[in-house]
2 protein chains.
Amino acid sequence: MSDATQSAHPPALATRVSFLLSQLGSDSAQQFTEHLAPLGIQPVHFGLLVHLARTDGQSQQRLADALGIHRNRMVGLIDDLEHRGLVERRQHPSDRRAHAIYLTAAAHELLPRANRVADDQEAALLNEMDAADRATLISLLQRLADHTGQRPDVHPGLQGQRRT
Amino acid sequence: MSDATQSAHPPALATRVSFLLSQLGSDSAQQFTEHLAPLGIQPVHFGLLVHLARTDGQSQQRLADALGIHRNRMVGLIDDLEHRGLVERRQHPSDRRAHAIYLTAAAHELLPRANRVADDQEAALLNEMDAADRATLISLLQRLADHTGQRPDVHPGLQGQRRT
DNA sequence: TATTGTTATACTCTATAACTATA
DNA sequence: TATAGTTATAGAGTATAACAATA
């Protein structure tokens with residue numbers, strides 16, 4: 001960045017990738033929260049359901065590790081989903097301390113709808129961008145994700161102390 | 001998005017621009033919070049200082065409007081900065097109810113350092129990307145910011161209800 | 001009657017630690 | 001002795017409403 005780093009006129013926030021990511025990411029998350037509300041779940045639940053759709057039957061501890069969430073908090077999330085009839089706690093085959101978490105039929109019915117919500121939001125976000133630009137954008141963002149060590153299903157905002 | 005919207009194998013979160021933005025934005029904000037901590041301020045204070053560097057002497061209400069923050073919360077933010085000796089409340093020239101907020105000399109000394117923190121983080125984030133890709137990325141993100149109606153200094157996460 | 005700054009209250013979240021039952 | 005799940009407690013942060021002074 002040029003020598004514009006002066007007290008008199010600091011560079012506008014909107015010229016920084018970091019700020020744009022934070023601004024757009026926060027807005028995106030907020031919208032997703034609203035769009036998902038009619039289905040009775042929040043983004044974190046969606047992430048959990050998507051993860052479970054790939055790998056049913058894991059313990060809460062393993063789920064917590066995979067999503068970067070503390071196990072204490074996982075209890076409440078599984079509670080939420082259980083109360084909505086979307087997962088069930090079965091007995092773990094090899095460890096009697098642990099539960100094995102499985103999606104219910106209701107979850108298999110809800111997941112496509114939730115995915116459609118996400119698809120719609122994605123489409124609305126990108127609807128003024130042609131296919132080439134979209135591909136470029138995704139590729140650049142994935143490179144950043146890779147470079148900053150993001151793990152596939154882990155949302156940093158759910159890990160610990162509050163950001164802004 | 002293809003017909004992969006099925007319960008059996010929902011598309012990975014990392015294939016969605018919305019998720020990548022949220023993930024990268026949250027990580028970015030978290031890092032900025034840590035990098036700024038030695039200076040004794042948080043990202044929201046930085047945003048406020050940067051805004052004040054352009055337009056000193058505004059009322060708290062006008063600042064609140066400009067940054068998309070409720071005036072009740074602005075009281076505490078100005079308190080923070082005042083206690084750190086970075087701003088001062090002067091009497092407003094035309095409205096005896098209002099204060100006029102001004103940066104102090106200490107703030108003019110601190111701002112360049114804070115900007116350097118932001119510059120360093122930006123550089124670390126982009127250090128494996130060549131100049132052309134950086135320009136492309138910024139341009140694409142700014143188009144998204146424009147399309148989603150982001151206002152220059154407004155961070156959606158500070159507006160109201162909690163996101164994820 | 002509306003607005004600015006302020007304060008107090010209540011509420012939501014989350015972090016921490018502790019407990020139990022198993023390993 | 002360590003780990004999985006759970007629960008309780010406390011703490012941070014935020015929203016809401018109300019108030020005094022002034023417009």
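Letters A, B, ... are given to chains in the order of the sequence lines, protein chains preceding strands, and every chain is numbered from 1. Source: prediction; values computed, not measured.
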Legend entry - Ser22(B)-His155(A) side chain donor-acceptor pair, cut-off 3.5 Å: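 Indeed, the side chains of Ser22(B) and His155(A) share at least one donor-acceptor pair under 3.5 Å.
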
Legend entry - Donor-acceptor side-chain pairing of Ser18(A) and Glu122(B) below 3.5 angstrom: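 Looking only at side-chain atoms, Glu122(B) and Ser18(A) do form a donor-acceptor pair, the distance falling under 3.5 Å.
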
Legend entry - Minimum-distance nucleotide (side-chain atoms of Gln61(B) versus dT4(C), dT6(D), dT14(D)):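 Looking only at side-chain atoms, Gln61(B) lies closest to dT4(C).
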
Rounded to the nearest angstrom, tell me the gap between atom [atom1] in [X] and atom [atom2] in [N].
X: Asp80(B); N: dG5(C); atom1: CG; atom2: P; value: 16 Å
X: Met74(A); N: dC13(C); atom1: CE; atom2: P; value: 17 Å
X: Arg73(A); N: dA15(C); atom1: CZ; atom2: C1'; value: 11 Å
X: Arg62(B); N: dA23(D); atom1: CZ; atom2: P; value: 17 Å
X: Asp79(A); N: dT7(D); atom1: CG; atom2: P; value: 7 Å
X: Leu63(B); N: dT4(C); atom1: CG; atom2: P; value: 12 Å
X: Leu77(B); N: dG5(C); atom1: CG; atom2: P; value: 13 Å
X: Asp65(A); N: dA4(D); atom1: CG; atom2: C1'; value: 11 Å

Legend entry - Interatomic spacing from OG in Ser59(A) to CZ in Arg71(A) - rounded to 0.5 Å: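 One finds 11.5 Å between OG of Ser59(A) and CZ of Arg71(A).
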
Legend entry - Gap separating the CD atom of Gln42(B) from the NE2 atom of His45(B), nearest 0.5 angstrom: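 Interatomic distance, Gln42(B) CD to His45(B) NE2, rounded to 0.5 Å: 5.5 Å.
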
Inset, instruction - With heavy atoms under 4.0 Å as the rule, sort Arg89(A) into base, sugar-phosphate or nothing. - result: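 Touches sugar-phosphate only.
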
Legend entry - Salt-bridge criterion met for Glu82(B) and Arg89(B) (N-O under 4.0 Å):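 Arg89(B) and Glu82(B): salt-bridged.
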
Inset, instruction - Considering only NZ, NE, NH1 and NH2 on the basic side and carboxylate oxygens on the acidic side, decide whether Arg143(A) and Asp133(B) come within less than 4.0 Å. - result: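 Salt bridge flag = yes for Asp133(B) with Arg143(A).
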
Legend entry - Hydrophobic cluster (4.5 angstrom, side-chain heavy atoms) - remaining members for Leu137(A):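 Cluster partners of Leu137(A): Val17(A), Leu20(A), Leu21(A), Leu24(A), Leu125(A), Leu126(A), Met129(A), Ile138(A), Leu140(A), Leu141(A), Leu144(A), Val17(B), Leu20(B), Leu21(B), Leu24(B), Leu125(B), Leu126(B), Met129(B), Leu137(B), Ile138(B), Leu140(B), Leu141(B), Leu144(B).
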
Tabulate protein N/O versus nucleotide N/O from nucleotides 20-23 of chain C, keeping only pairs under 3.5 Å, one per line.
unit_1	atom_1	unit_2	atom_2	d
dA23(C)	OP1	Arg96(A)	N	3.0

Legend entry - Short side-chain N/O contact from His99(B) to OP1 or OP2 of dT6(C), under 4.0 Å: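 Checking dT6(C) against His99(B), a side-chain N or O does come within under 4.0 Å of OP1 or OP2.
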
Legend entry - N or O in side chain of Gln159(B) less than 4.0 angstrom from dT14(D) OP1/OP2: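 Result: no.
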
For nucleotides 16-19 of chain C, tabulate all protein N/O to nucleotide N/O atom pairs closer than 3.5 Å, reporting atom names and distance.
unit_1	atom_1	unit_2	atom_2	d
dT16(C)	O4	Asn72(A)	ND2	3.2
dA17(C)	N6	Asn72(A)	ND2	2.3

Legend entry - Phe46(A) ring center near Phe32(A) ring center (under 6.0 Å):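 Under 6.0 Å, so yes.
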
Inset, instruction - Decide yes or no on side-chain hydrogen bond (donor to acceptor under 3.5 Å, both in side chains) for Gln150(A) and Asp146(A), but give the supporting numbers first. - result: CA-CA 6 Å; Gln150(A) 307 299 323; Asp146(A) 204 56; over 6 Å; no

